[in-house]
Number of protein chains: 2
Amino acid sequence: MEARARNPRGEGDRLRTTLLDVATELLAEVHDVDQLSVRAVTSAAGVSPTALYLHFADKDELVTAIKLRCFAALKERLDAAMAERDGDPLSALRAAGHAYLAFAREQPGWYAAIFHTNFRKDVDPGEYRLGGDGMETFAVLVTAVASCLGRPEDEDAFAIATILWTALHGRASVTRAMPGFPFPDERSWIERLVSGMVDAGAAAGDRTAGSPAD
Amino acid sequence: MEARARNPRGEGDRLRTTLLDVATELLAEVHDVDQLSVRAVTSAAGVSPTALYLHFADKDELVTAIKLRCFAALKERLDAAMAERDGDPLSALRAAGHAYLAFAREQPGWYAAIFHTNFRKDVDPGEYRLGGDGMETFAVLVTAVASCLGRPEDEDAFAIATILWTALHGRASVTRAMPGFPFPDERSWIERLVSGMVDAGAAAGDRTAGSPAD
DNA sequence: GTCGTACATGTACAACGTTCAGTTACTGCC
DNA sequence: GGCAGTAACTGAACGTTGTACATGTACGAC
């Protein structure tokens, strides 16, 4: 829609960034990547539809790039929430849970993009992975769990972290798909989840390691 | 594609069933409702594309009907798994967990359909709900949790059941979106989840009710 | 000035969901 | 038997989608 001057020579990549900016912005409004059309993105960027293909092989590649951005935004939010409770790992874990659900609630389009699956039939299933930011973010969770347990980042901490994450994601996902579902209030639910799993982990650790309980 | 004789008078509704049958079957192959086109469904049913609109207002209504079927299939699977362990609620809970993940793994299209969100902008958000079968299925989970705790189906049992469900759904969803994620093996993961949450619930119950532990 | 190339645009196509007017064939009525 | 009525379905067409391919345009180097 907007008038736009062509980029100077050597600066063609600027359009790539612009397209990503615009697409991310639009995604915040439509709440679903499938609702985000190539034409809507390019037109909002002030460019012809086919200009997108100078910077992305197809829409899928655009979406993948958007996913990375959304993941980074989520990571930022979680990091901030946990940093506020630095020194109190249990409290940090709860804060992360609230931040996670808040992000999913307030930015449903971005959140959904992270978990979006493009099931083209010619897909290489091993291709899909947790992007760099993703694994880093998850590692923060594992660290927090480990320090709650007062133990190194072993398999137990990892397993507990996966349970916390999947439960949070599950609640976010169910809330989106079935807004009517009568979830318990967020605070008590997260409290139950976090302390339940951490306590179980601590008990298991005591049994195997023989370390004293607090 | 197939040749097809028109239905006799008064039996027009048969096509509705046929379309649902065919669509459900195709969905098992394509793994994504968005990949399921009206034309593919109608052509597989041996009928013109527009015939679908004699029985469904739009594709959305078709998808909604499919969702109900998929939910019923999931419920059937869970019921069967839990029935096998009748009398041992903890074991039944674990079996349900395995059955749940197995369903999501073996019928990804059906499973995804259950949680599919049609985010048309003219949506009534309160409209989306856990269908009849859905709430029933969940109620079974609540019952199992309650009998693990040896207590009535109170808020605790409900809250624990939501955590179990969301964690299971979360794992299924993450596995689909990020097949590379290194989850702990299913058996130990479910064991940790179920016993962790149930133990926590039992401990909390003891504290509030003062009933003896077993 | 004119040439090469980086940065785009314009046209076109097949597939999609959907609308609406039209066709087919069975049923009850005279 | 003929004919109207209607249930069951088709065909053509529209706007939108992702995308391929040919084309245009302006700037820096010679």
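Here is the naming used below: chain letters follow the sequence lines, and residue numbers restart at 1 for every chain. Note that these values count all heavy atoms, side chains included, but never hydrogens, waters or copies made by symmetry.
- Note: CG (A/Asp58) to C1' (D/dG18) measures 9 Å, nearest angstrom.
- Of all the heavy atoms in A/Met82 and A/Ala144, the pair that sits closest is CE-CB, 3.5 Å.
- Under the 4.5 Å side-chain criterion, counting only non-hydrogen atoms from C-beta, A/Leu101 is not in contact with A/Thr175.
- With salt bridges taken as basic N to acidic carboxylate O contacts below 4.0 Å, one links B/Glu106 and B/Arg77.
- Where DNA chain C meets chain B (any atom under 4.0 Å from a heavy atom), the bounding nucleotides read 5' to 3' are C/dC16 to C/dT27.
- Side-chain contact between A/Arg16 and A/Phe56 is present, with at least one heavy-atom pair separated by less than 4.5 Å.
- Using a 4.5 Å heavy-atom cutoff, the side chains of B/Leu15 and B/Arg4 are in contact.
- Ionic pairing of A/Asp21 and A/Arg14 is not present here: no N-O contact between side-chain nitrogen and carboxylate oxygen is shorter than 4.0 angstrom.
- Distance NZ (A/Lys59) to C1' (D/dT16): 12 Å, rounded to an integer number of Å.
- Residue whose closest nucleotide on DNA chain C sits further toward the 5' end, between A/Arg39 and A/Pro49: A/Pro49.
- Going from atom OH of B/Tyr53 over to atom P of D/dA12 covers 18 Å, rounded to whole Å.
- A straight line from CZ of A/Phe56 to C1' of D/dG18 spans 15 Å, rounded to a whole angstrom.
- Heavy-atom distances under 4.0 Å link DNA chain D to B/Arg6, B/Asn7, B/Pro8, B/Arg9, B/Gly10, B/Glu11, B/Gly12 of residues 5-14 of chain B, given in residue order.
- Atom NE2 in B/His55 sits about 10 Å away from atom C1' in D/dA7, given to the nearest Å.
- Base contact: B/Thr50 has a heavy atom under 4.0 Å from a base atom.
- Here D/dG18 presents its P atom at 10 Å from CG of A/Leu62, a figure rounded to the nearest Å.
- Aromatic ring orientation, A/Phe138 versus A/Trp165: tilted (interplanar angle from 30° to 60°).
- Relative ring orientation between B/Tyr111 and B/Tyr100 is described as perpendicular, the plane-to-plane angle rising above 60° on a 0-90° scale split at 30° and 60°.
- Of all heavy-atom pairs spanning B/Ala81 and B/Ala99, the tightest one is CB-CB, 3.6 Å.
- Heavy atoms of B/Leu54 sit under 4.0 angstrom from at least one base atom.
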